[in-house]
Amino acid sequence: MRTHQCGELRPEHIGQRATLTGWVASRREHGEKLAFVDLRDHTGVTQCVVDNAVDVRPEYVLRITGVVAERPAESRNDRLATGGIELQDCVVEILNVAEPPPFPVSERADQVAENTRLQHRYIDIRRERMQRNLRLRASVNSAIRSAMESQGFVEVETPMLVPSTPEGAREFIVPSRQQPGSFYALPQSPQLFKQLLMVAGIDRYYQLARCLRDEDLRADRQYEFMQLDAEMSFVDQNDVHRAIGAAVLAAAAAAGQPEAAIETMTWHDAMNRFGVDKPDLRFGMELVDLTEVFGATEFKAFAGAATIKGINATGKADEMGRNKLDGLTDKAKKIGAKGLVWLKVAADGSLESPVAKFLSDTEQGALKSALSAAPGDLLLIVADEWSMTCEVLGTLRNDLGRPPVHEGPYRYLWVVDFPMFIGVDEVTGRPKPGHHPFTQPHPDDVEMLETDPLKVRSQAYDLVLNGWELGSGSIRIHQPELQARVFRLLGISDEEAQKRFGFFLNPFKYGAPPHGGFGLGIDRLVAIFAGEENIREVIAFPKTQSGMDPMTNAPTPVAQKQLDDLGIRVLPPKA
RNA sequence: GGUCCCGUGGUGAAGUUGGAGUUCACGCCGGCCUGUCAAGCCGGAGGUCGCGGGUUCGAGUCCCGUCGGGACCGCCA
């Protein structure tokens, strides 16, 4: 139907006959003897000159044949890649008419309510931004596939209808017609299957796997999302990092991103220095320990505190008025801190703060020195337990300093040595697993499992990019005895473990190799590469925050007959 | 489950102290126009101010509820 695409023609084609197909991006009529039609496809736009009246409207689908001609010097368009040429003596064939679109098919629609864009997603995707994002996503997927395969990974598909394992994220469940009253679950991840593939001798497995979790949606979370899911046998965690890192960096290269290295940091360092387990290393504002500075203080809020830390919001003193500072304090308290101390560094270097009078000159001097304070800076200090102090300041640091997603550089980070357990369940008194219960403890800490479980590090790790958690993984437990110990610690009896995970645990009796793996969130990775704050911008047909699709109206009620077949009765809505 | 923000012709916005569905830009329809490129000029049409209730002589505006959208907390082993 066509000889070229709309973004393809250049001065080198001058003199050739060309046939283009596409949509009318705009039409400019000058009486009955001259009209310009900008024809658009996913590759770009070409100006077509028509020497007669032509009744076309925006988004009409056309086939235009003409001769490629150089544009007169004064009418070149440098904003178009094809702006040096135009198609002349055009014959226009209308392949289809179109109603006016509900919003313009251009960058102007960036301002349109997202719901309207989603309702007419097929029009939204015609836009350059969405075309770019979806094609970027395809390139990333493709690069990841070849990177994995060149490292010996085998793509194996795993089922979408799986047994329910109620631990972890809430599952979507699917009723069984042949076994009324029984249900499948949609997989939160192929976790159990991929480990069984290691028992099965696949050695290196990967899959671009769709995962489903029935948890509330966010800018970086959808019910269904795509994961590079991988698992490797006979490896330690550095082997996994190398393999996944190679795939991520190959994806970055395919996305046209500059080369970058992947750093490594322990979980403890991440919390201690940045107050979060997914630090954004693009900016400083690190947490500085001030416990020593205020070791002998008479200021009651600080005296006797386990950990005192501060951050320097450089140059923020002027823009942070009383209202905003109160907002920060509220936020700190909401997280659980007793309070937040703020101090502004005045032009003469003195500290302005409601609490300055409680701090001795020595303390003020040491504080300024520790935080490298200069006039115009805003200093924020929290005194509390170590974890609370870190968490509060980490949150404020992100709020005050985090650059928008499209700003470089790219700072990839492995966060390692996560604690095996995060706190103690208030009800059961049992330690709560930080990752999943199949995670191998750090070999140096296995002895402390029963005696001091909260001190045990695990061989779990996250990959972080610019403050986004791209994914996580671990070296798994492959010895049944150690697995039993961990289950007992979590309060899961052998019998219960057998009941819930029997299909998964029993195979490990038949010669399970040491293994470990990773799951990498493709949507987030592509969003960052695309410079998008929101993963919906890199998903063709995403759901809204309440889990609905404005285009298809899913979810919808179903016919009573369908429910009858499944043995399901729907309760009336709660009053 | 919770906190905050938003909802006004097809689209995006403005709408002051409660005083006539008012305004602006784009789009749409008609006309004019031979070098435009988000063409230009002239004219025109287009509204359940998300929905329901309340206060009031009078509500886009104030109050309550509800629906929808977004950001976040909880949640996401």
Side-chain angles (χ1 to χ4, degrees), chain A residues 25-40 45-53 57-59 69 71-80 82-83 86 88 99-120 123-124 165-171 188-189 191-192 211-223 225 327 330-331 334-336 395 398-399 418 420-422 425 431-439 458 460 469 472 474 486-487 490 492 500-501 519 521 533-534 536 543-548 550 553 574:
Chain A
S26 92
R27 124 213 83 131
R28 298 174 293 280
E29 280 184 282
H30 296 254
E32 299 200 344
K33 290 284 171 61
L34 177 65
F36 299 96
V37 174
D38 287 348
L39 199 65
R40 179 196 65 236
V45 168
T46 298
Q47 171 167 288
C48 305
V49 187
V50 186
D51 297 319
N52 52 298
R57 308 290 160 120
E59 302 313 312
R71 288 207 201 184
E74 65 278 10
S75 62
R76 289 206 184 113
N77 186 343
D78 293 335
R79 284 164 308 187
L80 283 183
T82 59
E86 62 191 7
Q88 289 186 345
E99 288 182 17
F103 50 85
V105 184
S106 71
E107 72 283 355
R108 275 179 285 178
D110 289 343
Q111 311 306 317
V112 172
E114 194 186 353
N115 210 38
T116 307
R117 293 173 52 206
L118 292 181
Q119 215 174 335
H120 306 274
I123 294 171
D124 193 34
T165 51
E167 289 69 26
R170 188 183 298 115
E171 304 170 316
Q188 300 170 31
S189 82
Q191 182 64 35
L192 305 182
C211 305
L212 298 108
R213 297 180 188 172
D214 187 6
E215 299 290 353
D216 288 0
L217 283 59
R218 289 278 199 286
D220 61 351
R221 277 162 35 187
Q222 284 272 304
Y223 281 155
F225 59 99
D330 287 346
K331 186 142 195 176
K334 217 170 190 174
I335 296 168
T395 303
N398 272 344
D399 285 357
F418 271 76
M420 186 88 177
F421 305 101
I422 299 183
D425 190 293
K432 292 186 285 190
H435 197 52
H436 55 61
F438 317 117
T439 303
S458 70
E469 182 193 324
S472 61
S474 63
V486 171
F487 275 142
L490 297 172
I492 301 172
R500 288 203 223 163
F501 301 110
E533 303 276 357
N534 191 310
R536 293 187 298 272
K543 308 249 183 315
T544 66
Q545 202 162 63
S546 58
M548 298 200 276
N553 284 322
K574 284 173 200 162

S474(A): partners by side-chain contact (heavy atoms from CB on, under 4.5 Å), with sequence neighbours left out:
H435(A), H436(A), T439(A), A460(A), R476(A)

Any strand: nucleotide that pairs with C24(B) via Watson-Crick or wobble, under 3.5 Å:
G12(B)

For C75(B), does the base pair up with any side-chain atom of D216(A) as donor and acceptor (N or O, under 3.5 Å, distance only)?
no

Between the base of G35(B) and the side chain of E86(A), is there a donor and acceptor pair under 3.5 angstrom?
yes

Under 3.5 Å on both distances, the Watson-Crick or G-U partner of G40(B):
C32(B)

Answer with yes or no whether R221(A) presents, from its side chain, a donor or acceptor under 3.5 Å of a partner atom in the base of C75(B).
yes

Between G50(B) and G7(B), how many Å separate the two C1' atoms, rounded to a whole number?
6 Å

Determine the Euclidean distance between corresponding C1' atoms of G47(B) and A20(B); express it in Å to zero decimal places.
15 Å

Residue list, side-chain contact (heavy atoms from CB on, under 4.5 Å) with S75(A), at least two apart or on another chain
R71(A), P72(A)

From Q222(A) CD over to N534(A) CG, what is the distance, rounded to the nearest 0.5 angstrom?
8.0 Å

Polar side-chain contact R71(A)-C37(B) base: donor and acceptor under 3.5 Å
yes

Classify every nucleotide of nucleotides 3-14 of chain B by which part a protein heavy atom approaches to under 4.0 Å, writing B for the base, S for the sugar-phosphate alone and - for neither, in 5'-to-3' order.
-------SSS--

Could you let me know what G47(B) is paired to, Watson-Crick or G-U wobble, both distances under 3.5 Å, or none if it's on its own?
none

Calculate the interatomic distance between N52(A) atom CG and U34(B) atom P; express it in whole Å.
14 Å

